Amino acid sequence: MSVKSLRNFIGGRFEDGIRTFDKLNPANGELVARVHEASRDQVNAAVAAARQALPAWAALPVNQRTDYLYALADGIERRFDDFLAAEIGDTGKPVGWASQIDIPRGAANFRAFAEIARTLDMESFMTDTPDGRQALNYAYRKPLGVVGVISPWNLPLLLFTWKVAPALAFGNTVVAKPSEVTPSTATLLAEVAAEVGLPAGVFNVVHGFGPNSAGEFITTHPDIDGITFTGESATGSTIMKAVAPGVKPVSFELGGKNAALVFEDADFDAAVAGVARSVFANCGQVCLCTERVYVQRPIYDRFVAALKLEAEKLVLGRPMDSATTMGPLVSHEHREKVLSYLRLAVEEGATVVTGGGVPTFGDERDQGAYIQPTIWTGLPETARCIKEEVFGPVCHIAPFDTEEEAIRLANDTHYGLAAAVWTTNLTRGHRVAQAMQVGLAWVNCWFLRDLRTPFGGSGLSGIGREGGRHSLHFYTEPTNVCVKL
Ligand SMILES: NC(=O)c1ccc[n+]([C@@H]2O[C@H](COP(=O)([O-])OP(=O)(O)OC[C@H]3O[C@@H](n4cnc5c(N)ncnc54)[C@H](O)[C@@H]3O)[C@@H](O)[C@H]2O)c1
Ligand SMILES: O=C/C=C/C=C(\O)C(=O)O
């Protein structure tokens, strides 16, 4: 496979950076790209280009502006195979997952927000006034302005476009930095933007890292009007400090330590299959993944045995092999982080039901970042492996007796992103889901998404909600106009 050169996209033109860094394929360690790191001056140029493009972009009639979003979606689908190969080369994820989730959602995000922008109503009130007449109040919404977008490596195109689409739909211009770990599909999107004639400066892509690189240059830039960020909670905290001097709005989708509650009246096979998917999908590298499983005691031993079987059925194969159901972690660096938790769990007293180490294949996969799907039991709720996000294909299973105990266990965390409840008693399902202190609660399902719904978490899992009309609260600023009638 030829080594790509991934450049910055600034003011509608592709530019080299001040230096390049290597991007390796995590499935086999091969060099897939040399990535051009943007300088501070180049980030400044991108912000200036976005500022210059803003008035005309914001003034476009919404149908004309959103026509560009539909064109971007069409472009992703037109170049589906290019995006698929790029995403898999960056992440090592199985072709089945990337072709059904990552790339289709890239297009879907643009279409969803184009539709929302076109069908927006305007909040208004007729107000009775003391003189016996009335006044009209209405909220006139304008774009936030130049938006900084910083995205993570686990669902690269999905999460990049989950931010870029609403930003553009509501009239903002964008300076976006994909993760240095997965720079390829963001660069392809810039190519599509050029192909569809998106006005220069509306959408800019700069490559680089966080501290003392493009990420920090964006978050500390005085002419950026707000930051939408997805990534680790600790990074979110750092970015909050960076934007504080400018008192700028932030939209944060951060980490999670999500629970699954399996009641004895659950559809057992559905719960096993659903929990296995929520633990091991994308090699456990989804912020919504389950890392804590609580099972009602009468079915606990049976459930542990069944989930062990599911873990051991996973096919740790080559990404392009359709039989592969789990690829490698995104990098050797991330594998070291996950392995440190596998070691810590044993120190904290875990029983390793399955997994716990690195598989050996006797082929090029041994140069990849593969790891065994792992299940723990026996840890105390105070263990670090129960409190801290691992972000790999691993979960802990513990028993509970009563619904109240299950709710308390699930909510005993500083995160607040997602939960899944498995029960055939839907009265209980509604009750327990509503009791979860999370942004997203699924009942008898997981990662089932309607893009009009609020998405996000509380506590260490983030600030704000994006999705549907909820994205308005970050990507637009309302002016309430009151007209005396
Ligand atoms: N809540 C969600 O929707 C969601 C979705 C995906 C991932 N995540 C979380 O993201 C994490 C994994 O992604 P990651 O490792 O890429 O996260 P990360 O925080 O290490 O990096 C995310 C992005 O932030 C940039 N960055 C890092 N330090 C920065 C700084 N000081 N200033 C500006 N930018 C900086 C990185 O270059 C990258 O582009 C996990 O914790 C996962 O839970 C959350
Ligand atoms: O890793 C986190 C996954 C986030 C998914 C979304 O933001 C979404 O489905 O819109």
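Any value given below was found using the heavy atoms of this structure, including those in side chains, with hydrogens, waters and symmetry copies removed. What you see is a predicted model; the values in this text were computed from it and never measured. Just follow the structure's listing: the first ligand is 1, and inside any ligand the first atom is 1.
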Trainee: Should you measure from each heavy atom of Leu159, which atoms of ligand 1 turn up under 4.0 Å away?
Mentor: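 Counting atoms of ligand 1 from 1, those under 4.0 Å from Leu159 are 5 (C), 6 (C).
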Trainee: Counting heavy atoms only, name the option from Leu159, Thr161, Val286, Leu440 that's nearest to atom 7 (O) of ligand 2.
Mentor: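 Heavy atom nearest to atom 7 (O) of ligand 2 belongs to Leu159.
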Trainee: Considering heavy atoms of the protein only, find what lies nearest to atom 41 (O) of ligand 1 and give residue, atom and distance to 0.1 Å.
Mentor: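 Protein heavy atom at minimum distance: Glu389 OE1, 2.6 Å.
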Trainee: Any Lys/Arg nitrogen of Asp412 or Lys257 sitting under 4.0 Å from an Asp/Glu carboxylate oxygen of the other?
Mentor: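 So Asp412 does not pair with Lys257 through a salt bridge.
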Trainee: Does an N or O from Glu232, backbone or side chain, lie closer than 3.5 Å to an N or O of ligand 1?
Mentor: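 It does: an N or O of Glu232 is found under 3.5 Å from an N or O of ligand 1.
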Trainee: Any side-chain heavy atom of Leu288 sitting closer than 4.5 Å to one from Leu417?
Mentor: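 SC-SC contact between Leu288 and Leu417 confirmed.
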Trainee: Contact between Phe252 and ligand 1, counting heavy atoms under 4.0 Å?
Mentor: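 So Phe252 does not count as touching ligand 1.
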Trainee: Heavy atoms only: which of Ser151, Gly210, Ser233 lies closest to atom 23 (C) of ligand 1?
Mentor: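 The option holding the nearest heavy atom is Ser151.
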Trainee: Near Asn154, which atoms of ligand 1 are under 4.0 Å from a heavy atom of that residue?
Mentor: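 Listed by number with element, the hits are 6 (C), 7 (C).
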Trainee: Look at atom 3 (O) of ligand 1 and find which of Glu216, Glu253, His207 reaches it with the closest heavy atom.
Mentor: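 The residue whose heavy atom sits nearest atom 3 (O) of ligand 1 is Glu253.
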Trainee: As a check for students: among Trp153, Phe447, Phe455, identify the option with a heavy atom nearest to atom 6 (C) of ligand 2.
Mentor: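 Minimum heavy-atom distance to atom 6 (C) of ligand 2 goes to Phe455.
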Trainee: Do Ser184 and Lys4 touch side chain to side chain, with heavy atoms closer than 4.5 Å?
Mentor: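 In short, these two side chains touch, coming nearer than 4.5 Å.
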Trainee: Given that the side chain starts at C-beta and the backbone is N, CA, C, O, which of these parts of Val286 lies under 4.0 Å from ligand 1, counting heavy atoms, or is it both or neither?
Mentor: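 No part of Val286 is near ligand 1 at this cut-off.
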Trainee: Please verify the inter-ring angle class for Phe9 with Phe203; under 30° counts as parallel, over 60° as perpendicular, anything in between as tilted.
Mentor: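 The arrangement is tilted - the two ring planes meet at 30° to 60°.
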Trainee: Please work out whether any backbone atom (N, CA, C, O) or any side-chain heavy atom from C-beta onward of Ala234 is under 4.0 Å from ligand 1, and answer side chain, backbone, both or neither.
Mentor: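 The answer is neither; Ala234 stays 4.0 Å or more away.
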Trainee: Out of Asn154, Ile101, Leu417, indicate the one that has the non-hydrogen atom closest to atom 1 (O) of ligand 2.
Mentor: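 The option holding the nearest heavy atom is Asn154.
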Trainee: Identify the closest protein heavy atom to atom 12 (C) of ligand 1: which residue and atom is it, and at what distance?
Mentor: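 Here the nearest protein heavy atom works out to Phe391 CE2, 3.7 Å.
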Trainee: I'd like to know if the side chain of Tyr415 pairs up with that of Glu389 as donor and acceptor (distance under 3.5 Å, no hydrogens or angles considered).
Mentor: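 Short answer, no.
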Trainee: Heavy-atom contacts under 4.0 Å between Leu417 and ligand 1: side chain, backbone, both, or neither?
Mentor: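 The side chain, only.
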Trainee: What protein heavy atom is closest to atom 14 (P) of ligand 1, reported as residue, atom name and distance in Å?
Mentor: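 Checked against all protein heavy atoms, atom 14 (P) of ligand 1 sits closest to Trp153 NE1, 3.4 Å.
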Trainee: Could you go through Arg118 and Asp67, starting from their C-alpha distance and side-chain angles, then the distance that decides it, and tell me whether this counts as salt bridge (Lys or Arg N to Asp or Glu O under 4.0 Å)?
Mentor: CA-CA 10 Å; Arg118 287 186 172 196; Asp67 277 345; 2.4 Å; yes
Trainee: Where on Thr230 is there a heavy atom closer than 4.0 Å to ligand 1, on the side chain, on the backbone, on both, or on neither?
Mentor: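 Both parts.
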Trainee: Look only at interatomic distance and state if Glu180 has a nitrogen or oxygen under 3.5 Å from any nitrogen or oxygen of ligand 1.
Mentor: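 Yes - when backbone and side-chain N and O of Glu180 are compared with those of ligand 1, one distance drops under 3.5 Å.
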Trainee: Classify the side-chain pair Ser458/Gln437 by whether it contains a donor and acceptor separated by less than 3.5 Å.
Mentor: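 No pair is found: no donor N or O on one side chain lies under 3.5 Å from an acceptor on the other.
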Trainee: Identify, for atom 3 (C) of ligand 2, the protein heavy atom at the shortest distance, and state residue, atom and that distance.
Mentor: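 The closest heavy atom on the protein side is Cys287 SG, 3.1 Å.
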Trainee: Assess the residue pair Arg34 and Val3 against the criterion (side chain to side chain contact (heavy atoms under 4.5 Å, CB included)); give the C-alpha distance rounded to whole Å, side-chain angles, the decisive distance to 0.1 Å, and a yes or no.
Mentor: CA-CA 7 Å; Arg34 287 198 173 84; Val3 177; 3.9 Å; yes
Trainee: Of the side chain and backbone of Leu155, name the one, both, or neither that has a heavy atom under 4.0 Å from an atom of ligand 2.
Mentor: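 Contact part for Leu155 vs ligand 2: side chain (C-beta onward).
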Trainee: Honestly, is Arg277 close enough over Trp442, meaning NZ or CZ under 6.0 Å from the six-membered ring centre and within 45° of the axis?
Mentor: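 Negative - Arg277 is either too far from the ring of Trp442 or too far off its axis.
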Trainee: Among protein heavy atoms, which sits nearest to atom 44 (C) of ligand 1, and what does the distance come to when rounded to 0.1 Å?
Mentor: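 Among all protein heavy atoms, the one nearest atom 44 (C) of ligand 1 is Leu254 O, 2.9 Å.
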Trainee: Below 4.0 Å, non-hydrogen atoms only: which portion of Pro178 touches ligand 1? Side chain, backbone, both or neither.
Mentor: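 Looking at Pro178 and ligand 1, just backbone atoms fall under 4.0 Å.
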Trainee: Can an N or O of Gln285 be found at a distance shorter than 3.5 Å from an N or O of ligand 2?
Mentor: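 No, Gln285 has no N/O under 3.5 Å of an N/O on ligand 2.
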Trainee: Minimum distance, heavy atoms only, to atom 9 (C) of ligand 1: which one of Gly231, Gly256, Gly462 is it?
Mentor: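 Looking at heavy atoms only, Gly231 sits closest to atom 9 (C) of ligand 1.
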Trainee: For atom 8 (C) of ligand 2, find the nearest protein heavy atom and state the residue, atom name and distance (0.1 Å precision).
Mentor: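 Looking only at protein heavy atoms, the one closest to atom 8 (C) of ligand 2 is Arg449 NE, 3.2 Å.
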